[in-house]
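Here the structure is laid out as structure tokens; the discussion comes afterwards.
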There are 2 protein chains.
Amino acid sequence: MSLNHYKPSLRALEVFESAARMGGFTSAGNELGITQSAVSRQVGDLEAMLDVKLFQRRGAHVTVTPTGMRLAERLAVALKDMRAAVSEAARSDGMVTLSMLPSVAAKWFAPRLGRFVTAHPQIDLRVSASRHLVDFGAEGVDAAIRYGRGPWPGLAAQKLATETVSPVCTPFYAEQVGLNEPADLIQATLLYGDIPEDWEAWFAVAGCTENVPPGPRLGDDAAILQAVLDHQGVALGRSRLIEDDLASGKLVTPFDIRLSASHAYWLVQPEIVEKSDAMLRVEDWVKAEFD
Amino acid sequence: MSLNHYKPSLRALEVFESAARMGGFTSAGNELGITQSAVSRQVGDLEAMLDVKLFQRRGAHVTVTPTGMRLAERLAVALKDMRAAVSEAARSDGMVTLSMLPSVAAKWFAPRLGRFVTAHPQIDLRVSASRHLVDFGAEGVDAAIRYGRGPWPGLAAQKLATETVSPVCTPFYAEQVGLNEPADLIQATLLYGDIPEDWEAWFAVAGCTENVPPGPRLGDDAAILQAVLDHQGVALGRSRLIEDDLASGKLVTPFDIRLSASHAYWLVQPEIVEKSDAMLRVEDWVKAEFD
DNA sequence: AAATTAGCATCAGATTAAATTATGAAGCAA
DNA sequence: TTGCTTCATAATTTAATCTGATGCTAATTT
């Protein structure tokens, strides 16, 4: 029956889609910059190949059949996607997208962004701040700064830095509650973050035998730091994220007792992918900034 | 800079996608049934056209760049869609898909299906039973039987039939409750359907001045008829949907008082689409069955 | 009814795109 | 080094696609 069993050229599909959308072969030819004759042949060949009527001919007019309509609609979507993907790819040269947690973006990256732009004006560096494990290919992300235990399957991970955690609060809050030694924390509001076990671990390191008082769990580290800045309580601050606020005096660490964090910062990238020049420079810069 | 600003041939994209997925030009060529050389050229031309590096070359090996990776992933999805659409279209010849409400499918269509198949063995008629207003193109539906006021914008609607509604219940239930005149319904459980106002309208037609008692609203007409068959109460039955159960004696209409329904049955199709022979025959059959 | 018009089909030939073959170079492994 | 694999490039061939002329059909106008 069908000799040439279906695997029509994409060109034929493209032409057909236009014909269906424009409602005629002449206007489709117009849109595509080819003649009516060419459109007619492509459509005819496609119909023969699929052994399906895509248009009903009646003299000077053609009308899509339901089958043709459905095919055309699906092709239209796919073609649009392809064109969008292509034009994005064409635009994305010299662009590097870095994914990281909102807290890292706000507290580590943002203060350094100005310096990066000065050092590398030709690189279009973008940050995608999100809390989920990013899908590099699908989301157009080139690399990620992750906070975790690493490594991750299928991904190349380079350890950037470890850090310590210690209680932080505002100077005002420390004085108000009277934080002189770890045991005074019993009187304070403890804010719990992404890794709630850390408070217990810190109390152990501090040699404090009292029960660890409970407190609100706000979830997002950026939100917790904001709460601390608002004099809401004491949180365990990650050394890499509180540098700035300590330097400016907005926050203080009332005790000099630090717990080594169980998680570290990593620079993560898909394994099979080749790094661009821009990417390599971003990578070097990130590593340098973490030292 | 870029002479041939982007509008690469779909073939080039197809070839590139394969190369990215297979991780090499030779194996891509293999997959596509062409030579390595052809792949190399397509990819090279594509890169030149977009002015983007899609692969990093190092002697005998190529590695996708992040940009290439992202492009390839998106193309892969689109190409898969296109191929699926094509092979579905090829398969869907002589097939007609009819959308209707589950209640209509169960009570009107199902009893007639055998007859249709006998009369038109060469037509592959499919029924899509759903309660939402179907999107013909996207869902691959050729026509719909709708119950409503019509017409609908962009759609060609032919009125099939009007109908009447009247209370129905099982003979057992009628006797148990003692349904002799409309006022006896006060003692019964009234089941409310998609158009709850109808009970009130029917009471008015019946000349019954009592307050209409409340009752459960089950929503789906098919569910309501099932509840009636289970001796759960009295519902307003649409004449077109209860024919069978009345004929078989499973249901009775205790009073011969009928309300003309505000809604009618319509055969609905997209306007711009050309009906196939199979579709025309289905259409004729549906109309005939509604008389 | 005849003429006109718009739009599609079809054919032979021209043009362009794509693929091939042959060859060279770059990396990698023994 | 010597193979071995794989990609790049160039010249050539092949295949796909397009064109232009012409004929056809159905609808519309005269």
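In what follows, chains are A, B, ... by sequence order, proteins preceding strands, each numbered from 1.
For A/E88, the salt bridge (Lys or Arg N to Asp or Glu O under 4.0 Å) partners at least two apart in sequence or on another chain are B/R70, B/R74.
In this structure, the NE2 atom of A/H61 is 7 Å from the C1' atom of D/dA27, given to the nearest Å. The nearest whole Å value for the distance from the CG atom in A/N30 to the P atom in D/dT19 is 11 Å. Protein atom NZ of A/K53 is 11 Å distant from nucleotide atom P of C/dA9, rounded to whole Å. The distance from atom CD of A/E31 to atom P of C/dG7 is 16 Å, rounded to the nearest whole Å. Between the CG atom of A/L10 and the C1' atom of D/dA16 there is a distance of 13 Å, rounded to whole Å. We find that CD of A/Q56 is positioned 16 Å from C1' of D/dA27, with the value rounded to whole Å. Distance CD (A/E47) to P (C/dT10): 10 Å, rounded to an integer number of Å. Between B/R58 atom CZ and C/dA29 atom P the separation is 12 Å, expressed in whole Å.
Comparing the end axes of the helix from C/dA1-D/dT30 to C/dA30-D/dT1, each fitted to five base pairs by superposing C1' atoms of four pairs onto the next four, gives an inter-axis angle of 30° (nearest 10 degrees).
With a 4.5 Å cut-off on side-chain heavy atoms, A/Q158 and A/W266 do not count as touching.
Between A/F16 and A/F55, the gap from one ring centroid to the other is short of 6.0 Å.
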Quick one: which protein N/O atoms are closer than 3.5 Å to N/O atoms of nucleotides 15-25 of chain C? Pair and distance per line, please.
unit_1: C/dA18; atom_1: OP1; unit_2: B/S9; atom_2: OG; d: 3.3
unit_1: C/dA19; atom_1: OP1; unit_2: B/R11; atom_2: NE; d: 3.1
unit_1: C/dA19; atom_1: OP1; unit_2: B/R11; atom_2: NH2; d: 2.6
unit_1: C/dA19; atom_1: OP2; unit_2: B/Q42; atom_2: NE2; d: 3.3
unit_1: C/dT20; atom_1: OP2; unit_2: B/T35; atom_2: N; d: 2.5
unit_1: C/dT20; atom_1: OP2; unit_2: B/T35; atom_2: OG1; d: 2.6
unit_1: C/dT21; atom_1: O4; unit_2: B/S37; atom_2: OG; d: 2.8

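Counting heavy atoms of neighbouring residues, nucleotides and ligands inside a 6.0 Å radius, atom NZ of B/K80 does not exceed 12 of them. Shown here is A/R112, whose CZ atom has more than 12 heavy atoms of other residues, nucleotides or ligands within 6.0 Å.
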Given the rule in the salt bridge (Lys or Arg N to Asp or Glu O under 4.0 Å) test, do A/E283 and A/K275 qualify, once you have shown the distances and angles that lead to the verdict? CA-CA 10 Å; A/E283 198 176 311; A/K275 297 165 190 169; 3.5 Å; yes

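Under 4.0 angstrom from either OP1 or OP2 of D/dA8 there lies at least one side-chain N or O belonging to B/S40. Residue B/R57 places none of its side-chain N or O atoms closer than 4.0 Å to OP1 or OP2 of C/dA26.
With respect to A/R57 and B/E274, no salt bridge is recorded, no charged nitrogen being found less than 4.0 Å from a carboxylate O.
In this structure, the separation between OH on B/Y147 and CH2 on B/W108 is 14.5 Å, given to the nearest 0.5 Å.
When heavy atoms are screened at a 4.0 angstrom cut-off, B/G44 is found touching no nucleic acid atom at all.
The shortest non-hydrogen separation linking A/A78 to B/D81 is CB-CB, 4.3 Å.
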